[in-house]
2 protein chains.
Amino acid sequence: MKCEQCIVRQFNALKSLEKNDLIRISGCKTSKFIQKGEVLFREGESINGVFCIKEGVCKLTKLSANGKDQIVKLVVRGDLLGQRSLVTDEKSNLTAIAVNEMEVCFIPKSEILNDLSKNANFSLDMLQDMAKELRIADNVIVDMAQKSVKQRLADVLVYLNTTFDNDDKGFLGVTLSREDYANLVGTATESAIRILSQFKKEGYISTTGKQIKILDLESLKRIE
Amino acid sequence: MKCEQCIVRQFNALKSLEKNDLIRISGCKTSKFIQKGEVLFREGESINGVFCIKEGVCKLTKLSANGKDQIVKLVVRGDLLGQRSLVTDEKSNLTAIAVNEMEVCFIPKSEILNDLSKNANFSLDMLQDMAKELRIADNVIVDMAQKSVKQRLADVLVYLNTTFDNDDKGFLGVTLSREDYANLVGTATESAIRILSQFKKEGYISTTGKQIKILDLESLKRIE
DNA sequence: TTTAAACTATGATATTTATCATGTTTTCAT
DNA sequence: ATGAAAACATGATAAATATCATAGTTTAAA
């Protein structure tokens, strides 16, 4: 599909590009499907472009000193991935792994870098995106430092519930392993499992295999 | 002092402004001294401009749900404070409090916003700054999630040691209370005190009142 | 379909960290 | 200088979390 016609563009900074620029970019972008578990890029690699997420979800992880992967954030449909690589020449600080089947477009850095200096709206939009990401990151820092594991896990469930449409049976729209949950909140896998079991016992959620259904959102929000 | 002649400018995005823009900005900036403990702005307030830190250090804190202040980052000489307020109209997410005596210049948003859209170098510089901040924030998230309190406190000491010049007697160039240390690493004040006592007992640091001297940097780096 | 591997679950225990209590020291305004 | 408030220090205990062990369950490949 051509960028000019792609609705996903409306969700990110690409919406600020002029039509002729979009056509040019459309001509050099590559589009691909990525399977669950596949790696888009690894920590330490050069990205040299941005991914526009057309469909699916991926996790951005970083390997900590103790050998555990921390999931820093989830990147979803409509997001741009790798903006930082556009403005710095550093290698990626994070690894990106598909959480479910994804469709992404890749736009080479060389092709889009000019737009940053020529199109003020575009670069302002990028600035606003980054400012927003920065605010969210600051909030995550505070939560990590101050909230209990149980609170953080409840937060994640609430976040998933509000960010993704539930499936037709009412399960969360994204299916994560217990290890993913642990890596999102920064705890041991066993601890995440234990707390989810407790939430189940208390009637806040129900589970079928990996699938989780929120039964009592308000109680999850109130956990402390 | 005029912005054109101010050396601090070289450390941040303002270095990308043309001379005539600098002169214009210099004409509308306000300069002031801020005492230790004084508040530059509070969470929830509109900033409507950027602070250029000419001298001193301030802490950016956020009140967590449990009533504790978390220090999200320290802002130092040469840094710009409040970039986010330039590109979004949101209220500040953080409170800024002087850690020691500061000298800052304040540039109103209205005066500098034009430069963002007209001067591509300037906005690219801002983008690079934010990209860097974002990378640092991601790393902090991982550390908060995965490292022990002891490791995080050792990290802070190493950070302070490398970021600020020691004073003439070899003490850290910035003096923080034990509560500040606790709020930086996200722990109880008593825990921070205990760990600092332990570091002292093990010969990694020495203390005189609030002042801390690093005796064995390498050991602090190796703590796990 | 079978079978191994991966994931989930839970108990027992150890470790880390928070909380409460109390006393000491430092700081600072009068 | 002096007294009050703030900051520092440390013990005792409780709570949260990690780790190790073991077993059941699901998933996916052969």
Side-chain angles (χ1 to χ4, degrees), chain A residues 35-38 64-70 97 99-101 143-156 171-172 175-202 205-213 223-224, chain B residues 35-38 59 64-70 97 99-101 143-156 171 175-202 205-213 223-224:
Chain A
Q35 293 204 316
K36 177 179 168 176
E38 213 175 311
S64 71
N66 66 25
K68 273 191 192 164
D69 279 317
Q70 174 68 27
I97 301 177
V99 163
N100 47 31
E101 187 165 325
D143 288 349
M144 283 290 178
Q146 301 282 356
K147 290 187 176 177
S148 69
V149 172
K150 198 193 288 185
Q151 273 178 299
R152 269 140 54 199
L153 191 45
D155 285 351
V156 165
F171 291 108
L172 289 178
T175 305
L176 299 173
S177 69
R178 302 293 195 266
E179 190 180 9
D180 283 333
Y181 280 104
N183 293 346
L184 267 169
V185 302
T187 192
T189 305
E190 297 96 318
S191 297
I193 289 172
R194 248 180 261 276
I195 293 170
L196 287 175
S197 297
Q198 190 190 339
F199 285 169
K200 204 157 81 172
K201 219 168 279 169
E202 288 169 354
I205 63 173
S206 69
T207 67
T208 307
K210 284 196 216 302
Q211 296 186 297
I212 294 180
K213 194 181 294 188
I223 278 175
E224 55 183 42
Chain B
Q35 292 203 317
K36 177 178 169 177
E38 214 176 310
K59 54 184 178 184
S64 71
N66 65 25
K68 274 190 192 166
D69 279 317
Q70 174 67 28
I97 301 177
V99 163
N100 46 32
E101 186 166 325
D143 288 349
M144 284 291 178
Q146 301 282 354
K147 290 187 176 177
S148 68
V149 172
K150 198 193 291 184
Q151 273 179 301
R152 268 139 54 199
L153 190 44
D155 285 351
V156 165
F171 291 108
T175 305
L176 299 173
S177 69
R178 303 293 195 265
E179 190 180 10
D180 283 334
Y181 280 104
N183 293 346
L184 267 169
V185 302
T187 192
T189 304
E190 297 96 319
S191 297
I193 290 173
R194 248 181 262 277
I195 293 171
L196 287 175
S197 297
Q198 191 190 339
F199 286 169
K200 205 159 78 172
K201 218 168 282 170
E202 287 169 356
I205 64 174
S206 69
T207 66
T208 307
K210 282 197 216 304
Q211 297 187 295
I212 294 179
K213 194 182 293 187
I223 277 174
E224 57 182 39

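Proteins get letters first, then strands, A, B, ... in listed order; numbering begins at 1 in each. For the numbers below, each heavy atom of this structure counts, side chains included, while hydrogens, waters and symmetry mates do not.
- Side chain of A:Asn66 to backbone of B:Gln146: a donor-acceptor contact under 3.5 angstrom is found.
- Taking the side chain as every heavy atom from C-beta outward, A:Arg178 and A:Thr207 approach each other to under 4.5 Å.
- Sorted by first then second residue, the salt bridge (Lys or Arg N to Asp or Glu O under 4.0 Å) pairs that include residues 145-156 of chain A, not counting sequence neighbours, are A:Asp143-A:Lys147, A:Lys147-A:Asp155.
- For the helix from C:dT1-D:dA30 to C:dT30-D:dA1, the end axes, each set by the C1' atoms of five terminal pairs, are bent relative to each other by 50° (nearest 10°).
- By the side-chain contact (heavy atoms from CB on, under 4.5 Å) test, B:Glu38 is found to be paired with B:Ile34, B:Gln35, residues two or more places apart in sequence or in another chain being considered.
- Going from atom NZ of A:Lys213 over to atom CD1 of A:Ile205 covers 12.0 Å, rounded to the nearest 0.5 Å.
- With A:Ser148 contributing its side chain and A:Gln151 its backbone, the two residues share a donor-acceptor pair below 3.5 Å.
- Annotation: the span from A:Lys210 atom NZ to A:Phe171 atom CZ amounts to 14.0 Å, rounded to 0.5 Å.
- Contact footprint of chain A on DNA chain D: nucleotides with an atom under 4.0 Å from a non-hydrogen protein atom, first to last in 5' to 3' order, D:dT17 to D:dC20.
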Pairs under 3.5 angstrom only: tabulate donor-acceptor contacts from the side chains of residues 186-198 of chain A to other protein residues two or more places apart or in another chain.
from	atom 1	to	atom 2	distance (Å)
A:Ser197	OG	A:Ile193	O	3.0
A:Gln198	NE2	A:Glu202	OE2	3.4

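- Counting only distance, with no hydrogens or angles, the side chain of B:Glu101 and the backbone of B:Lys36 share no donor-acceptor pair below 3.5 Å.
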Original post:
With the sugar-phosphate defined as primed atoms, P, OP1 and OP2, and the base as all remaining atoms, what B/S/- string results for nucleotides 5-24 of chain C, 5' to 3', for protein heavy atoms under 4.0 Å?
Top reply: --SSBBBB----SBBB----
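- Note that CD1 of B:Ile212 is 7.5 Å distant from CG of B:Leu176, once rounded to the nearest 0.5 Å.
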